[in-house]
Amino acid sequence: THLERPVFNTVKDAVEKAGADTSIIFVPAAFAADAIMEAADAGIKVIICITEGIPVKDMILTKEYLKGKACRLIGPNCPGVITAGEAKVGIMPGFVFVKGRTMGHAGAIVGGHDDTAQAKMEIMRECGIHVVDSPAEIGKVMAAVLKGQTA
């Protein structure tokens with residue numbers, strides 16, 4: 001089939017002939033380290049490695065090899081990178097990502113005075129739940145609760 005896209009024999013050819021600056025590594029684990037290093041040697045700036053199960057020894061050597069090179073490795077074993085409506089390099093479903101769409105938990109949606117974080121915290125306190133104003137306080141409050149020092 002004709003993909004209407006250029007095909008190159010090496011990553012270096014893609015960099016020289018098409019100005020490629022991003023590469024997706026989607027090869028079997030045994031070949032991933034070599035593919036990452038080839039991309040770095042060719043001048044690829046962003047290397048995204050989808051491959052999972054790469055031997056730890058291979059990745060230790062690869063990370064050492066990349067030191068001082070002008071590239072960034074994303075992964076391995078990652079779904080890729082996406083900027084909604086602009087670019088996707090990876091295996092995540094693009095239709096899920098929409099520009100200006102706020103992702104978060106359902107409690108982040110504010111529906112009125114009683115639906116604010118402060119209101120929810122007050123309700124929890126009234127129910128006898130220990131609530132902290134900052135995650136930094138969790139340990140201190142938990143220790144006090146376990147020692148029976150708080151109501």
Side-chain angles (χ1 to χ4, degrees), residues 3-5 11 14-15 18-151:
L3 300 176
E4 298 181 9
R5 298 283 181 258
V11 179
V15 171
D21 63 2
T22 304
S23 179
I24 183 170
I25 308 296
F26 206 141
V27 298
F31 307 111
D34 284 340
I36 293 167
M37 291 185 273
E38 179 188 0
D41 283 342
I44 294 289
K45 303 293 182 220
V46 179
I47 304 167
I48 299 170
C49 185
I50 305 300
T51 305
E52 64 180 335
I54 302 171
V56 174
K57 180 183 174 193
D58 287 4
M59 285 313 302
I60 291 171
L61 294 172
T62 300
K63 183 173 181 189
E64 198 59 35
Y65 187 84
L66 295 179
K67 281 186 179 173
K69 297 208 181 296
C71 64
R72 177 165 312 263
L73 174 62
I74 311 294
N77 191 25
C78 75
V81 176
I82 189 166
T83 300
E86 293 182 32
K88 178 182 101 163
V89 181
I91 58 173
M92 72 290 281
F95 70 89
V96 172
F97 301 89
V98 180
K99 270 192 172 196
R101 180 176 189 178
T102 303
M103 303 296 278
H105 60 89
I109 301 168
V110 179
H113 174 71
D114 292 337
D115 205 18
T116 65
Q118 280 305 118
K120 289 177 181 180
M121 291 167 66
E122 190 56 41
I123 291 167
M124 287 190 282
R125 284 188 181 104
E126 289 170 7
C127 292
I129 298 171
H130 298 280
V131 180
V132 295
D133 293 318
S134 163
E137 299 173 24
I138 293 173
K140 180 178 70 174
V141 172
M142 180 68 101
V145 169
L146 291 173
K147 290 179 184 176
Q149 296 176 348
T150 63

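The basis for the numbers below is simple: all heavy atoms, side chains too, and nothing from hydrogens, waters or symmetry mates.
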Please give me the minimum heavy-atom distance between [X] and [Y], naming the atom from each residue.
X	Y	result
L66	A40	CD2-CB, 3.4 Å
C78	I48	SG-CG2, 4.1 Å
V11	A42	CG1-CB, 3.6 Å
G80	M92	C-CE, 3.3 Å
F26	I91	CE1-CG2, 3.3 Å
V132	V141	CG1-CG2, 3.5 Å

Please list, chain by chain and in numerical order, all residues satisfying side chain to side chain donor-acceptor pair (under 3.5 Å) with D21, sequence neighbours excluded. none
Check each of I24, T62, I25 against I47 using the side chain to side chain contact (heavy atoms under 4.5 Å, CB included) test, and report the only one that passes. I25
Within-4.5 Å side-chain heavy-atom neighbours: M121 and D133: yes
Among residues two or more places apart or on two chains, list those pairs meeting side-chain hydrogen bond (donor to acceptor under 3.5 Å, both in side chains) that have a residue in residues 73-89. E86-K99
Show me the pairs that pass salt bridge (charged side-chain N to carboxylate O under 4.0 Å, His left out) and involve residues 52-76, at least two apart or across chains. D41-K69, E64-K67
Rounding to 0.5 Å, atoms OG (S23) and CG (L73) come to a distance of 10.5 Å
For M142, does the CE atom sit with more than 12 other heavy atoms under 6.0 Å from it, leaving out its own atoms? no
Would L61 and M37 count as a side-chain contact (heavy atoms from CB on, under 4.5 Å) here? Give the steps. CA-CA 10 Å; L61 294 172; M37 291 185 273; 5.9 Å; no
Taking V27's backbone N and O only, do any of them form a donor-acceptor pair with T51's side chain (distance below 3.5 Å, no angle check)? yes
